[in-house]
Every structure is written in structure tokens, then in C-alpha cells.
Number of protein chains: 2
Amino acid sequence: MSSSVQRKRIRKSPEARRAEIVETAARVALTEGLECITLRRIADELAVRPGLISHYFPSAEDLVAEAFSVASTGELDALLPAERPHGTPTQYLARYFALSAGDAYDDISRLWINARHLSRYRPVLRDRVAEQELASDDRLQAVIQDGVDSGEFRTDDPRAAAIQILVVIDGLGAHASTDRSNRPEAVTRMAVTTAERVLGLPYGALTEVPALTEPTPARAEPTPTVDSPDPS
Amino acid sequence: MSSSVQRKRIRKSPEARRAEIVETAARVALTEGLECITLRRIADELAVRPGLISHYFPSAEDLVAEAFSVASTGELDALLPAERPHGTPTQYLARYFALSAGDAYDDISRLWINARHLSRYRPVLRDRVAEQELASDDRLQAVIQDGVDSGEFRTDDPRAAAIQILVVIDGLGAHASTDRSNRPEAVTRMAVTTAERVLGLPYGALTEVPALTEPTPARAEPTPTVDSPDPS
DNA sequence: GATGCTATTGAGTGTGCGACCAATAAGCAA
DNA sequence: TTGCTTATTGGTCGCACACTCAATAGCATC
């Protein structure tokens with residue numbers, strides 16, 4: 001056998017193939033960057049020909065935007081799930097900050113920087129970025145609102161509180177490609193400190209917290225096929 | 001005359017030509033992005049042939065890195081000069097925040113996002129980004145130290161204070177390509193608020209301040225070497 | 001005005017990209 | 001088994017990019 005060149009073509013349903021393409025692109029976006037989503041790259045990954053990717057995404061820009069949305073949504077769900085049946089708002093928030101400070105968060109930080117930069121040139125992506133920003137704001141605001149309702153947090157503007165926290169997280173994440181080893185503790189802890197301040201919590205309230213009773217998986221499985229609605 | 005094709009070549013000293021190239025690249029970086037620094041693009045700006053750019057920068061990556069450094073240094077000097085003979089630390093700091101909140105700052109925010117993203121792939125640029133980050137930290141720290149010495153500010157870790165302020169500014173700047181029109185006031189004001197907090201100042205101390213006696217120019221003139229014919 | 005140094009050109013190489021489309025064959029239905 | 005729909009291929013086009021190098025010509029110097 002001279003080599004591994006694909007001999008037999010495999011024919012899949014458009015829905016399955018499309019989902020497969022988007023998933024692959026999302027993975028590439030997260031690990032290597034949005035500009036690595038090229039027709040050839042994704043095609044290689046799936047052992048098909050570039051033309052097939054074009055067939056599903058006549059404009060490559062749409063695939064990039066879709067990949068970002070999928071990756072970003074998946075990460076958000078992993079960090080701060082929409083359903084929170086296994087703990088208090090304080091616990092979920094504490095978990096959120098713990099994850100945000102970990103090395104694993106660097107990929108997400110990089111993805112956001114990547115998307116924010118690239119959206120300068122790509123209108124389709126720009127819309128998706130704005131959409132995902134809103135989703136992040138909403139998600140965090142919801143947790144805060146829950147905490148306010150339960151009396152754990154105190155703020156008269158949960159949305160402003162959420163955005164302020166996210167601004168700090170973005171600011172800390174900006175350096176995801178650079179060395180951050182010798183940052184002062186006050187800086188490392190900035191996100192938590194900000195949250196404690198805007199939510200009327202005492203120092204340590206978000207770091208010294210019992211873990212969730214039934215820990216949600218660190219990474220949600222990305223909804224195995226079947227659906228995946230139409231992108232742009 | 002069929003057209004404007006360059007007829008006569010102009011021979012300049014290597015130093016002058018090199019400076020011209022870097023200046024042009026820095027301007028392009030600031031207005032259009034670092035990936036628009038291509039041999040052809042810069043050559044067109046200067047009405048020379050691409051090969052000449054290669055002659056001065058055998059690796060284009062070096063030009064990109066150099067352009068970023070020059071642009072970034074220039075902007076830092078415009079925002080927060082190293083020499084501050086015409087006012088108090090409070091005044092210079094207030095001016096810094098005023099400029100940072102203006103629309104003109106968007107170009108700089110975008111440049112930083114651009115550089116932070118691109119440095120993921122370009123080691124030379126990465127080093128320059130780290131270097132310029134340090135320069136920003138140092139510059140702000142110096143102003144804070146002056147203010148502490150004069151009794152205007154109060155903090156026991158000027159560097160940590162500086163970095164915290166910059167993290168917030170970075171976080172706010174992350175959205176420079178997106179719409180930010182309907183941000184809560186608390187968010188818009190975050191950088192100033194942070195500064196007032198970490199420097200032990202009352203609310204408004206950095207916004208209600210008399211202007212500098214001899215206002216430094218908002219933008220330093222880039223040494224108009226007689227020529228510079230065509231902006232794109 | 002002639003000479004020499006070298007800044008600058010012109011022409012070319014190879015790579016990777018998105019996009020396009022007629023031809024092909026997989027797999028379902030009859 | 002046959003036929004048909006259409007998912008998939010293979011090939012091609014044009015463009016933009018960085019990089020190379022021998023040939024050319026500006027200009028300072030004599």
C-alpha cells in the first residue's frame with residue numbers, strides 16, 4: 001500500500017457533516033486561533049477535500065463566526081452553567097473565579113482577544129462577538145440576581161455589577177500570551193476582590209467556600225449532533 | 001503622460017530611509033492594524049519597491065515588532081509624558097484618564113489587542129509587547145510615586161496600584177471594536193474609580209481637576225522630514 | 001566631469017489562501 | 001438490481017504574501 005490516501009468517500013447527512021465541520025472549527029479556534037480555520041485545515045482534519053467545506057460554508061467567514069460562537073458558548077456553559085441546581089450562587093460564583101484564574105482559562109482568554117481583534121475586519125464575526133458578550137453579561141447577571149434574591153449578595157444594579165466583574169476578567173485575560181508570573185497578589189486576586197466589593201461581600205467570601213455538592217463537569221459535551229441550526 | 005509611475009529613484013541615507021519606513025509602518029499599525037504592515041503596503045506608501053523594505057528588514061516580522069514599539073511608545077508619551085513639569089501628579093493622572101476615555105484612544109486599544117493577539121504567533125513581537133507593558137507600568141508607577149511623595153496619593157504599593165489601574169483600562173479597552181454606547185456609568189467610570197480607590201482619593205478627585213497650566217500637546221508631531229507624500 | 005560605492009530596482013520563486021464548477025460515486029428508494 | 005438524487009471530489013483560477021538576487025543608477029567624492 002503506497003499510502004493512506006483516502007480511497008473511499010464517505011457520504012454523510014448534511015446535518016451531521018455540517019455539525020462535524022463546525023465542531024472541528026471550534027476546536028481549532030480554541031487551540032490554535034481563528035485564523036487557522038482555513039478550508040484546507042478543516043478539510044484535512046476531517047479527511048475530506050476543501051471543496052466540501054466550501055459547499056457547506058460558501059463564505060469561509062461564516063464558518064469562522066460560527067466556530068467562535070460554538071466555542072464561546074461551550075466555554076461559558078462550562079464556566080458558569082445556565083442551570084445551577086447543585087449549589088448556591090456563592091458557590092457557583094466561587095467556582096467561576098477559580099476556573100477563570102486557572103491555566104485552562106488561557107485558551108478562552110486568547111480566543112476572546114483573537115475574536116475581538118479579528119472582528120475589526122470581519123463584520124459577521126463582530127456581530128457574534130457582541131452577541132456572546134451579551135450572553136456572558138446575562139449569565140453572570142442571572143447568578144448575581146439569584147444571590148441578591150437569596151440575600152447572599154447586595155447590589156442595586158446586578159447588571160452593572162456583572163459588567164464590572166467581566167471588565168476586570170477581560171483586563172486580566174489580556175495578557176494570556178504574555179508572562180504573568182510576577183504579578184502582585186492584589187492583581188491576581190482582582191476579579192474576586194472586585195466581585196466581593198460590588199456584591200457587598202466580606203474579604204474571602206468567594207474564595208473560602210465549600211465546593212459544589214455535585215460538581216458539574218469542567219467541560220460540557222458539545223451536544224452530539226442531530227440539531228445545530230443554520231448559521232448566517 | 002500615461003501615469004504617475006515613479007520615474008526617478010530617490011536615494012536616501014540608510015538611517016533616514018529606515019526611520020521613514022518604521023514611521024510609516026507605525027502609522028499603518030495604529031490606523032489599520034499590524035497585519036496591514038506588508039512589504040507592498042509600506043513600499044506603496046513610500047513610493048518605493050517592496051524589495052527595498054526587505055533590504056532594511058530582511059524579516060518582515062522585525063518591522064512589525066519595531067512598528068509596534070514605536071507606535072506604542074509614542075502613544076504612551078502622548079498620554080502620560082515622562083517629564084511632567086507643568087502640573088501635579090493629580091493633574092497629569094486626570095488628563096491621562098480623560099484621554100483614555102476619549103474616542104481617540106480606540107486606536108490605541110485596538111493596537112494593543114492586535115499586538116497581544118499577534119504575539120501569540122510572533123515571538124519577536126511578544127518580547128516587544130512585554131517590554132511596552134513594563135514601560136506602561138513604570139510610567140504610571142512613577143506618577144503615582146510622585147503623588148505619594150507629595151502627599152496627594154496614599155498607597156503602600158505604587159506598582160500594584162499602577163497595574164490594577166492598567167488592568168481596568170485594558171479591560172475597558174477590550175471592546176474597542178464593539179459598541180459600548182449603553183454601558184452603565186459605573187462601568188464607564190471604572191478606571192477613574194479604581195484609581196481613586198487604590199490611591200486613597202475621594203470620589204471626583206480625578207475628574208474635577210484644573211487643567212494643566214501649559215497643556216502638553218495631545219499628539220507629538222512625528223518629525224515631518226520634508227516629504228511624506230501619500231497617505232493611503 | 002569621471003569614478004566608485006551602494007541604495008534601489010525589476011524580475012522571479014514558492015507558498016497559502018478563498019472561490020468556483022463540472023464530473024463522480026455513495027447510498028437510498030423503487 | 002436498477003436508477004436517481006446529491007454529497008463529494010479534483011482540478012483550476014486569481015490573488016496576496018515574504019523572500020532572493022543580479023542589474024541599475026543616484027550621488028558624494030575626487
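All heavy atoms count here, side chains included; hydrogens, waters and symmetry mates do not. Residue numbers begin at 1 in each chain, while the letters A, B, ... track the order of the sequences.
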### Query
Can you tell which of D:dA25, C:dA19, D:dA7 lies closest to the side chain of A:A60?
C:dA19
### Task
Describe the nucleic acid contact of B:S59 in one word from base, sugar-phosphate, nothing, applying a heavy-atom distance below 4.0 Å.
sugar-phosphate
### Message
Looking only at the side chain of B:S54 (C-beta and beyond, no hydrogens), which of the listed nucleotides C:dA19, D:dC19, C:dA7 gets closest?
### Response
D:dC19
#### Entry: Pair B:R18 + B:E15, salt bridge at N-O below 4.0 Å
no
### Message
I want to verify a distance call: between D:dT5, D:dC19, C:dA7, whose nearest atom is closest to the B:P14 side chain?
### Response
C:dA7
### Rounded interatomic separation in angstrom, taking CZ from B:F57 and C1' from C:dT8
16 Å
### Query
Salt bridge between B:E23 and B:R27, side-chain N to carboxylate O under 4.0 Å?
no
### Spacing of A:I21 atom CD1 relative to D:dA7 atom C1', expressed in whole Å
11 Å
## Note on the structure
Winner on side-chain proximity to B:K8, out of D:dA18, D:dG26, C:dT8, is D:dG26
### Query
Rounded to whole angstrom units, what separation is found between the CD atom of A:E35 and the P atom of C:dG16?
17 Å
### Task
Describe the nucleic acid contact of B:Y56 in one word from base, sugar-phosphate, nothing, applying a heavy-atom distance below 4.0 Å.
sugar-phosphate
#### Entry: Nearest-nucleotide 5' precedence on DNA chain C, B:G51 against B:R11
B:R11
#### Entry: Polar side-chain contact A:R40-C:dG16 base: donor and acceptor under 3.5 Å
no
### Task
Figure out the CG/C1' separation between A:D44 and D:dT9, and round it to whole Å.
14 Å
### Query
Between C:dG16 atom P and B:Y121 atom OH, what is the distance in whole Å?
16 Å
### Task
Give a yes/no verdict on a cation-pi contact between B:R126 and B:Y121, requiring under 6.0 Å between NZ or CZ and the six-membered ring centre and an angle within 45° of the axis.
no
### Task
Grab the CD1-P distance between B:I53 and D:dT20 for me, whole Å please.
15 Å
### Message
Whole angstroms only, please: what is the CZ-P distance between A:R17 and C:dG27?
### Response
10 Å
### Query
How is A:P58 classified with respect to the nucleic acid when contacts are heavy atoms under 4.0 Å: base, sugar-phosphate, or nothing?
sugar-phosphate
### Task
Taking only Lys NZ, Arg NE, NH1 and NH2, and the carboxylate oxygens of Asp or Glu, determine whether A:E133 and B:R180 approach each other closer than 4.0 Å.
no
### Message
Using a distance-only criterion (donor-acceptor N/O pair, under 3.5 Å, no hydrogens), is the base of D:dT8 paired with the side chain of A:R9?
### Response
yes
### Residue A:L52, side-chain atoms from C-beta onward, closest of C:dC17, D:dT8, C:dT9
D:dT8
### Message
Looking only at the side chain of B:R49 (C-beta and beyond, no hydrogens), which of the listed nucleotides C:dC17, C:dG10, D:dT8 gets closest?
### Response
C:dG10
### Message
Quick check for you: among C:dG18, D:dA18, C:dA26, whose closest atom lies nearest to any side-chain atom of B:L39?
### Response
D:dA18
### Query
Could you state the NE2-C1' distance from B:H55 to D:dA18, rounded to the nearest angstrom?
17 Å
### Query
So, A:S69 versus A:R128: side-chain donor-acceptor pair below 3.5 Å or not?
yes
### Message
Under the criterion side-chain contact (heavy atoms from CB on, under 4.5 Å), I'd like the reasoning laid out for A:F97 against A:I169: C-alpha separation, chi angles, the key distance, then a yes or no.
### Response
CA-CA 9 Å; A:F97 288 121; A:I169 290 180; 4.1 Å; yes
